[in-house]
Every structure is written in structure tokens, then in C-alpha cells.
Amino acid sequence: MDTADRAHAPVVVAIDGPSGSGKSTVSRAVAARLGLSFLDTGAMYRAMTWWMLANEVDVDDAEAVAVACAKPVVVSGTDAAGPTITVDGQDVSGPIRGPEVTAQVSAVAAVPQVRARLVELQQRCARVAERGIVAEGRDMGSVVFPDATVKIFLTASETARAGRRAAELRAKGVDEATITAMAADLARRDAADSSRETAPLAQAADAVLVDTSELTLDQVISTIAALVEERAGLSAV
């Protein structure tokens, strides 16, 4: 496919990686630079988990979660300048980042019926994105968008990821005890997400590996944006 053909094809940039690799920040910045929509699929799984907890569904009961996941209306806004996430019309962008949701989201995300429902919503978001979309998560390139224009697997050392997450939490005024607990949870979530049977966290065979351990944020954004520009025939806006 030549540059002219690529310019008219739907652009999908799939960015996967473990917790704390910078997926959300990088994906949103790349989307903004290239004038694409932005989809935080992790927020969708968090929103589903928040609804389960708010409605007293036992998240350790996979059958109960499977039945209940058809009920909430999850809507993800895809404007890179101000992405939103609502459940049944309620803005949950704050509550879904709390420790209770963080501790339970891997269990909910492992339920096949949850993933099937949210994957459908994610693919729908891509279909209606006018210029294209940058979608970040854990199975974007391997499952949700197997024919993505560009696939990136974003990673960093566990030390670097834990340090970045701690700095982020301190900036929000989170106490040190909570930061320590959430750092330990990061490793637990990586293990859970990598070993689950349904759509495990894994690098797609045709994804470009980008290790951000020694790179600045601007370097990572520029690297990925340049790759998208080359493969999709896009230019920054």
C-alpha cells in the first residue's frame, strides 16, 4: 500500500504494555500531536469494575460478573484533549482510579464475557473515529485490533515503572503507605494480566517494542509519532 492509499485508510494505532509503562500519557500525547482520537481501554475495564463494586456484585464470582456485565452502559469519550468515561451517565473518571478498583480490576477483566462486551465497544469507537484512533491497553494489537496500522508494545523496567507511578501518586498527595502498597500491586497485576487465559498481556508478533526506561517522555512520543507518520502517511496537526 502506497502513501496515498494509506492516507485514506482508517488509522488505528495500538499501544500495549504493562502497568506504569506510560501508555496513557504517551498514547494521549501521540493522538493529540497527530489529530487522532484517543481510547483508554483500561478506563473501560476500571469503569466496569467500579460498577460491579458499587452494585455489590462479587467480583471473585466469575459467573456473577459474566451475567452482570451486560447491564451497565459504559461510554468512553475519545477526545485526546479531554477524554471522559461515564457509567450509566455518571462521570466516574475519579472513582475508577481508587485503590479498591485497582485491586479488583484484573479479576473483572479476566472474565471472557466482560472482555467480549468491551472489545465490541472499543472496536465501535475506532469505526466512528473520523481521522483515526490511538488505542491503549493490554491486548490492543494482539486481540482488539489485529490489523492495526501501527502496533507498539511499550515497556520499561519494573524499577522505572514503580518509580514513575510513585512520583505520580505523590504529586496527587497520596500518602507513602498507600504508594508502597500500590507499587506491590503493580507487580501482582502484571502477573495476573500476563497469565490469564483470555487475552493475556503479550506483545503482538508484529508490534514494535519501545523500552522507555532510559527515554524522556518527549523522546517516546516523537519516536511513536514518527513511526505512525511513516506508516500511515499522516502528519502532525
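The structure displayed is predicted, hence computed values, not measured ones. All values below come from the heavy atoms of this structure, side chains included, with hydrogens, waters and symmetry mates left out.
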> Check whether any side-chain heavy atom of L154 lies under 4.5 Å from a side-chain heavy atom of V220, and answer yes or no.
yes
> Would you tabulate the side-chain donor-acceptor contacts of residues 50-57 under 3.5 Å, counting partners in other chains and residues two or more places apart, or write 'none'?
from	atom 1	to	atom 2	distance (Å)
W51	NE1	D88	OD2	3.4
N55	ND2	W51	O	2.8

> Can you give me the closest heavy-atom contact between A43 and R97, atom names plus distance?
CB-NH2, 3.8 Å
> State, with a plain yes or no, whether a side-chain heavy atom of T102 is found less than 4.5 Å away from one of R46.
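Side-chain contact under 4.5 Å: yes.
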> What residue among L227, T149, V228 forms side-chain contact (heavy atoms from CB on, under 4.5 Å) with V13?
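One option only clears the test, and that one is V228.
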> Linking Ile, Leu, Val, Met, Phe, Trp and Tyr through side-chain heavy atoms less than 4.5 Å apart, which residues share a cluster with V73?
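Grouped by the 4.5 Å side-chain rule, V75 form the rest of the cluster around V73.
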> Indicate the atoms forming the closest heavy-atom contact of M140 with A14, along with that distance.
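Between these two residues, the closest heavy atoms are CB-CB, 3.6 Å.
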> Taking R115 for the side chain and A109 for the main chain, is one N or O donor matched with an acceptor at less than 3.5 Å?
yes
> Quick one, I85 and V74 - any side-chain contact, counting heavy atoms below 4.5 Å?
yes
> Any side-chain donor-acceptor pair under 3.5 Å between S93 and D91?
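Distance-only check passes for S93 and D91.
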> Quick one, S76 and L39 - any side-chain contact, counting heavy atoms below 4.5 Å?
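Yes, their side chains come closer than 4.5 Å.
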> Is there a donor-acceptor contact under 3.5 Å from the side chain of R131 to the main chain of L36?
no
> If you take all heavy atoms of A225 and R33, which pair is closest and at what distance?
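Nearest pair, atom of A225 first, then R33: CB-CD, 3.9 Å.
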> Determine the minimum heavy-atom distance between A156 and T212, stating which atoms define it.
CB-OG1, 3.4 Å
> S157: what forms a side-chain hydrogen bond (donor to acceptor under 3.5 Å, both in side chains) with it, not counting sequence neighbours?
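So S157 forms no side-chain hydrogen bond (donor to acceptor under 3.5 Å, both in side chains) with any residue.
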> Using the side-chain hydrogen bond (donor to acceptor under 3.5 Å, both in side chains) criterion, which residues pair with T78? Sequence neighbours excluded.
none
> Could you work out, with side-chain hydrogen bond (donor to acceptor under 3.5 Å, both in side chains) as the rule, every residue matching D58, not counting sequence neighbours?
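For D58, no residue satisfies side-chain hydrogen bond (donor to acceptor under 3.5 Å, both in side chains) once neighbours in sequence are set aside.
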> V92 and A47: which non-hydrogen atoms are nearest, and at how many Å?
CG2-CB, 4.2 Å
> Partners of S24 by side-chain hydrogen bond (donor to acceptor under 3.5 Å, both in side chains), sequence neighbours excluded?
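So S24 forms a side-chain hydrogen bond (donor to acceptor under 3.5 Å, both in side chains) with E136.
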> Check the hydrophobic clustering (I, L, V, M, F, W, Y; side-chain heavy atoms under 4.5 Å; chains of links allowed) and say if V111 and M44 are grouped together.
yes
> Does any non-hydrogen side-chain atom of L118 lie less than 4.5 Å from one of L121?
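The answer is yes; the side chains approach within 4.5 Å.
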> Quick check: closest heavy atoms across S37 and A129, and the distance to 0.1 Å?
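Taking every non-hydrogen atom into account, OG-CB, 3.8 Å.
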